[in-house]
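Quick notes on the structure that follows.
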Amino acid sequence: MSKKTMSSIVVAALVGAGCLSTTGPNNGERTSAVVTGQVTRQDGTTGVGGALVAVQLLSAPVGGSQRFIAQGSVIADDQGRFLLLFLLQEPVGLGQANLSVTPAPGTGLVARDTSGLVVKISAGNAPAESTFVQIALQPR
């Protein structure tokens, strides 16, 4: 193959690549979601400090299936409050969160899971809305 033919192929490939487009979210656009709440005792008012809160963020169900987006975990503060901020590159819309709460050792409380919480995925780094959940843990 001559140099001229090879150069023509390379130029044609570069021009063709410039015409390609992708479908789906623009990976340069940041989105975010927030899950916040409080872990309490059975009475619903006494905070449980030191609980491990793990959150799995999923896409909204489409055709009976969901896609994993992100996960995170945090230790609740002394009053049981927690906040998880997810910085994403997902389309703006709704997602779902599954929470797993494990109380600190010595509290005498049982772990609890909650699933299907609706979470809003907003444009930008600071979501306009958050999903709040209160998790009341039962005694052993």
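Screening residues 50-60 for salt bridge (Lys or Arg N to Asp or Glu O under 4.0 Å) gives no qualifying pairs among residues at least two apart or on separate chains. Applying the salt bridge (Lys or Arg N to Asp or Glu O under 4.0 Å) test to residues at least two apart or on different chains, the pairs with a partner in residues 77-88 are Asp77-Arg81. The side-chain hydrogen bond (donor to acceptor under 3.5 Å, both in side chains) pairs that include a residue from residues 131-140 are Gln42-Gln138, where partners are two or more places apart or lie in different chains. Sorted by first and then second residue, the pairs that involve residues 94-121 and meet salt bridge (Lys or Arg N to Asp or Glu O under 4.0 Å), not counting sequence neighbours, are Lys120-Glu129.
Considering all non-hydrogen atoms of both residues, Pro139 and Val110 come closest at O-CG2, 3.8 Å. Of all non-hydrogen atoms in Leu84 and Ser73, the two that sit nearest each other are CD2-N, 3.5 Å.
Cluster membership check: Val101 shares its hydrophobic cluster with Val133, using side-chain heavy-atom separations under 4.5 Å among Ile, Leu, Val, Met, Phe, Trp and Tyr. Hydrophobic clustering (ILVMFWY, side-chain heavy atoms < 4.5 Å, transitive): Leu99 and Leu85 are in distinct clusters. In the hydrophobic clustering of ILVMFWY residues, with side-chain heavy atoms under 4.5 Å counting as a link, Leu87 and Leu83 come out together. Connection of Val35 to Leu88 is established within a shared hydrophobic cluster, with ILVMFWY side chains joined at heavy-atom distances below 4.5 Å, either directly or through further cluster members.
Judged purely by atom type and a 3.5 angstrom limit, Ser32 uses its side chain to pair as donor or acceptor with the backbone of Gly124. At least one donor-acceptor pair closer than 3.5 Å links the side chain of Thr31 to the backbone N or O of Glu90. Between the side chain of Gln56 and the backbone N or O of Phe68 there is no donor-acceptor pair closer than 3.5 Å.
Taking a 4.5 Å side-chain heavy-atom cut-off between Ile, Leu, Val, Met, Phe, Trp and Tyr, the cluster of Leu94 extends to Val118. In this structure, Phe132 stands alone, with no Ile, Leu, Val, Met, Phe, Trp or Tyr side-chain heavy atom under 4.5 Å from its own, directly or through other members. Other members of the cluster containing Ile75 are Leu52, with ILVMFWY side chains joined at under 4.5 Å, either directly or via other members.
Atom CG of Asn98 is separated from atom OG1 of Thr114 by 9.0 Å, given to the nearest 0.5 angstrom. Here the CZ-CD distance, from Arg30 to Gln89, works out to 5.5 Å after rounding to the nearest 0.5 Å.
Under the 4.5 Å side-chain criterion, counting only non-hydrogen atoms from C-beta, Leu117 is not in contact with Val55.
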Could you pull out all donor-acceptor pairs under 3.5 Å where a side-chain atom in residues 57-65 meets a protein atom, sequence neighbours excluded?
residue, atom, partner, partner atom, Å
Ser59, OG, Arg67, N, 2.8
Ser65, OG, Val62, O, 3.3

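For the side chain to side chain donor-acceptor pair (under 3.5 Å) test, residues two or more places apart in sequence or in another chain that qualify with Thr46 are Asp43. Taking the side chain to side chain contact (heavy atoms under 4.5 Å, CB included) definition, one finds that Ser130 meets it with Val34, Thr36, sequence neighbours left out. Remark: Gln96 pairs with Gln66 by the side chain to side chain donor-acceptor pair (under 3.5 Å) rule, at least two apart or across chains.
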